[in-house]
Amino acid sequence: MEQGDGRETPGTRPDGPEGTARRPAGRLRRGLLALLVAAAVAVPLAGAAGPQAPAPPPARLPPPAVAGLDATYAAHRANAAEAARTAADHGYRDRAAIERGLAAGQLLYFDGRGAGLVTEVLGDLAHADRVAVLVPGSDTGIDTYDRFRATAVALHDRLTREAPTGVRTAVVAWLGYETPGTVSPSVTTTGRAEEAAPGLRALVETLRSVAAPRARVSLLCHSYGSVVCARAAAGLDVDDLVLLGSPGTGAGTAADLRTRARVWAARGAGDWVEHVPHLDAALFGTTVGFGTDPVSEEYGARVFAAGDGGHSDYFAPGSLSLANLTRIVLGHTQEVTR
């Protein structure tokens with residue numbers, strides 16, 4: 001499979017038509033990487049947060065258990081409702097409206113402080129045979145949570161329709177880390193992902209203790225979320241790890257993730273992430289960029305069809321991508337279109 005990274009391939013003359021076409025592509029990728037490096041050096045304050053709604057601290061609870069799952073949901077709902085009242089009292093009406101909506105959900109965790117952290121469950125987790133965990137990318141917080149939640153709802157609806165009789169499903173929307181801004185130096189390094197990985201591992205342990213015995217667990221990791229999943233992957237007790245619109249994972253190959261899970265990758269034909277340079281560069285002790293393209297032959301993932309959608313369209317209702325994600329979560333892997 002062609003990588004498009006400006007390198008010559010055997011049998012291709014650098015001064016021939018193909019070589020001529022490759023040189024601009026290589027220069028473009030190197031130029032884009034240079035911009036990433038410059039951003040990491042020149043704009044360290046680009047992601048600085050503005051004023052944020054005040055909120056109470058999160059509820060202090062023991063780890064969730066099957067017997068106490070309803071109590072866990074109730075405690076975090078109450079905290080979200082309190083956060084909504086606090087936000088409204090201080091004039092943050094939009095934030096208050098989102099938090100009121102969250103106060104009606106099944107919350108495994110809620111923290112309204114700062115950009116916010118939310119773990120929401122759709123479906124009957126305690127009896128689920130198939131569990132999908134959605135890990136978001138950049139610019140996701142409580143203020144943009146409705147957009148993230150819509151992807152979870154779309155997947156849950158399709159799983160509910162297509163699950164075989166007797167198979168129960170649940171979707172977990174995990175906004176469990178402070179995501180980087182799309183225009184910020186942190187989005188070009190693994191720093192946020194390394195901070196997030198322990199929380200994702202802890203979530204999977206919780207799901208294994210709460211869901212049905214031998215439940216199939218799939219991680220669906222979008223954009224920068226794929227870097228988070230890669231950092232958490234080693235030894236993680238999941239069945240499938242799906243990389244969607246990934247800029248790279250920081251690993252050279254799928255085997256480098258050291259996971260027993262099937263590793264899948266997809267990129268829509270209209271996804272701008274195709275033009276991100278799949279390179280990395282050392283800079284003052286930090287690696288900028290994420291290396292090998294996960295949909296390349298070199299990476300070694302199971303590449304599946306995602307249709308013509310753009311970077312935010314992987315869970316669009318009716319899309320080829322959503323159909324294939326549903327098949328992966330249900331374990332119908334032979335039906336996934338490649």
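When reading the values below, keep in mind they use all heavy atoms of this one structure, side chains included, and skip hydrogens, waters and symmetry mates.
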> With respect to F148, which candidate in L175, I142, T179 satisfies the side chain to side chain contact (heavy atoms under 4.5 Å, CB included) definition?
Replying inline: L175
> What pair of heavy atoms forms the shortest contact from W174 to T119, and how long is it?
Replying inline: CD1-OG1, 3.4 Å
>> Could you go through R267 and D293, starting from their C-alpha distance and side-chain angles, then the distance that decides it, and tell me whether this counts as salt bridge (Lys or Arg N to Asp or Glu O under 4.0 Å)?
In response: CA-CA 10 Å; R267 184 169 63 221; D293 185 350; 3.0 Å; yes
> Nearest heavy-atom pair of R327 and E335: which atoms, and what distance?
Replying inline: CD-O, 3.5 Å
>> Side chains of Y109 and E120: any donor to acceptor distance under 3.5 Å?
In response: no
> CG/D271 to NE2/H311 distance, rounded to the nearest 0.5 angstrom?
Replying inline: 5.5 Å
> Can you name the closest pair of heavy atoms from P64 and V210 and give their distance?
Replying inline: O-CG2, 3.9 Å
> Between V227 and G248, what is the shortest heavy-atom contact and its length?
Replying inline: CG2-O, 3.4 Å
> To the nearest 0.5 Å, how far apart are CD in Q106 and CG in D70?
Replying inline: 8.0 Å
>> If we ignore hydrogens and angles and just use 3.5 Å, is the side chain of R208 paired with the main-chain N or O of A215 as donor and acceptor?
In response: yes
> What's the shortest heavy-atom distance between S223 and P247, and which atoms?
Replying inline: O-CD, 3.5 Å
>> Please check if the number of heavy atoms outside R338 that lie under 6.0 Å from its CZ is greater than 12.
In response: yes
> Can a donor-acceptor pair be found between the side chains of D89 and T86 at a distance below 3.5 Å?
Replying inline: no
>> Working to the nearest 0.5 angstrom, can you tell me the gap between R201 CZ and D237 CG?
In response: 13.5 Å
> Knowing that exactly one of L236, D240, V172 qualifies, which makes a side chain to side chain contact (heavy atoms under 4.5 Å, CB included) with L219?
Replying inline: L236
> What are the two closest heavy atoms between L61 and A75, and how far apart are they?
Replying inline: CD1-CB, 3.6 Å
>> With rounding to the nearest 0.5 angstrom, report the CG to OH distance, N324 to Y314.
In response: 12.5 Å
>> Going by salt bridge (charged side-chain N to carboxylate O under 4.0 Å, His left out), name the pairs with one or both residues in residues 99-111, residues two or more places apart or in two chains.
In response: R95-E99, D111-R113
>> Running the 4.5 Å side-chain criterion over Ile, Leu, Val, Met, Phe, Trp and Tyr, what cluster does L257 land in, apart from itself?
In response: L241, L243, V263, Y299
>> Check the orientation of Y224 and Y177. Use parallel for under 30°, tilted for 30 to 60°, and perpendicular for over 60°.
In response: parallel
>> Between T169 and H156, do the side chains contain a donor N or O and an acceptor N or O under 3.5 Å apart?
In response: no
>> To the nearest 0.5 Å, what is the distance between CG on L220 and CG on L155?
In response: 6.0 Å
> At what distance, to the nearest 0.5 angstrom, does CG of L244 lie from OG of S312?
Replying inline: 11.5 Å
> If you measure from the Lys or Arg side-chain nitrogens to the Asp or Glu carboxylate oxygens, is any gap between R260 and D239 under 4.0 Å?
Replying inline: yes
> Side chains of N79 and H76: do they bring a donor and an acceptor to under 3.5 Å?
Replying inline: no
>> Just checking H332: does its NE2 atom have more than 12 heavy atoms from other residues, nucleotides or ligands closer to it than 6.0 angstrom?
In response: yes
